[in-house]
Amino acid sequence: MLSAASSVAPLAHPLPRAFFARDARVVARALLGCVLVHECATGEPRRSRIVETEAYCGPKDLACHARVGLTKRTRTLLGPEAHAYVFLVYGMHDCFNVTCLAEGEGHAVLVRAGEPTGGLEAGARLDGPGRFARAMGISRAHDGHELTRSPLYLLPPAARPARVGVSPRVGVGYAGDWAERRWRFFDADSPCVSRPPRSAIGRPR
DNA sequence: CATATGATTCCA
DNA sequence: GGAATCATATGA
């Protein structure tokens, strides 16, 4: 027995940087079932199984923050892949995103919901991007963190979703035709998804 | 400098 | 249905 190695629990290898070096739509789907781990300063690591994501695809995508070009806010989004892009929305909620593809592309995946799998209070709710980030202890302080290493990283899926739902993204009605793209993905059998599936696109007149 | 606006959540 | 609440982006 390797006593030296056993003093530190061997963790599964985090998802490699190459995992994120793909189009956000591919990564968004691939992230379903993956486990996000946050090794907080105190307590056991917080873990959750990702069950809902959205893809944002660069400057051409009018729903994507990259549409405004390189600013202080979009610096991480337009930076290299495999980094945490965390921003404040509506003046009160932090949203956790994963940068994708490559530096300068502005691709990212928003994590919208998860199932608690460890280190979280019983009954913790991780449905909705604001709640997810808050429950996981993620804030703008994590913006720019490389996600391939401690304290915040992703693990391969223990259980991939049996059925993947697809729908338009939430809250991006201002983006015109881009709002109709079905770039939201979720585990159709998870009770922790932030809102019920929609087969039709809501079109307020 | 002033102001409009959200990748939301909670309450009435 | 509407408020809460503020960094960012944009225009004067």
Of the options A:R169, A:R67, A:H107, which is the one that meets A:D61 in a side-chain hydrogen bond (donor to acceptor under 3.5 Å, both in side chains)?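 Of A:R169, A:R67, A:H107, side-chain hydrogen bond (donor to acceptor under 3.5 Å, both in side chains) with A:D61 is met by A:R169 alone.
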
Quick one: [X] [atom1] to [N] [atom2], roughly how many Å, whole number?
X	N	atom1	atom2	answer
A:R125	B:dT9	CZ	C1'	10 Å
A:R75	C:dA7	CZ	P	18 Å
A:D61	B:dA7	CG	P	11 Å
A:R134	B:dA7	CZ	P	19 Å
A:R169	B:dG6	CZ	C1'	15 Å
A:Y174	B:dA4	OH	P	19 Å
A:L62	B:dT5	CG	C1'	16 Å
A:R67	B:dA7	CZ	P	6 Å

For side-chain contact (heavy atoms from CB on, under 4.5 Å), just list the numbers for A:V86 and A:S139, CA-CA rounded to whole Å, side-chain angles, deciding distance to a tenth of an Å, and then say yes or no. CA-CA 7 Å; A:V86 186; A:S139 73; 5.7 Å; no

When you compare the side chains of A:R47 and A:T117, does any donor N or O come within less than 3.5 Å of an acceptor on the partner?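 Result is no, nothing qualifies.
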
Side-chain donor/acceptor contact of A:H65 with base of B:dA7 under 3.5 Å: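 Yes, a donor-acceptor pair under 3.5 Å.
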
Find out whether A:P129 and A:R112 are in side-chain contact, i.e. whether some heavy atom of one side chain is under 4.5 Å from a heavy atom of the other.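 Yes, at least one pair of side-chain atoms sits under 4.5 Å.
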
Measuring only between side-chain heavy atoms, which start at C-beta, is A:E39 closer than 4.5 Å to A:P45?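 A:E39 vs A:P45: side chains touch.
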
Which pairs, with at least one residue in residues 24-73 of chain A and sequence neighbours excluded, count as a ring pair (Phe, Tyr, Trp, His ring centres under 6.0 Å)?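 For residues 24-73 of chain A: A:H38-A:H142, A:H65-A:F87.
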
Among [options], which is the nearest nucleotide to the side chain of [X]?
X	options	value
A:R73	C:dT8, C:dT10, C:dA4	C:dT8
A:V89	C:dT8, C:dA7, B:dT8	B:dT8
A:L88	C:dA7, B:dT8, C:dA9	C:dA7

Would you sort out whether A:C64 and A:L77 count as a side-chain contact (heavy atoms from CB on, under 4.5 Å), showing the intermediate values? CA-CA 10 Å; A:C64 181; A:L77 172 62; 4.1 Å; yes

On DNA chain C, does the nearest nucleotide to A:R140 precede the nearest nucleotide to A:M92 from the 5' side, or the other way round? Give the residue.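 Mapping each residue to its closest nucleotide by heavy atoms, the 5'-most match is A:M92.
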
Centroid under 5.5 Å and tilt under 30°, A:Y56 to B:dA7: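 Yes, aromatic ring over the base.
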
Quick one: is C:dT8 close enough that its OP1 or OP2 comes under 4.0 Å of any side-chain N or O from A:T71?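 The answer is no; no side-chain N or O of A:T71 sits under 4.0 Å from OP1 or OP2.
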
In dot-bracket notation, what is the pairing pattern of DNA chain C, taking Watson-Crick (N1-N3 plus N6-O4 or O6-N4) and G-U wobble (N1-O2 and O6-N3) contacts under 3.5 Å, with [ ] crossing and | for other strands? ||||.||||||.

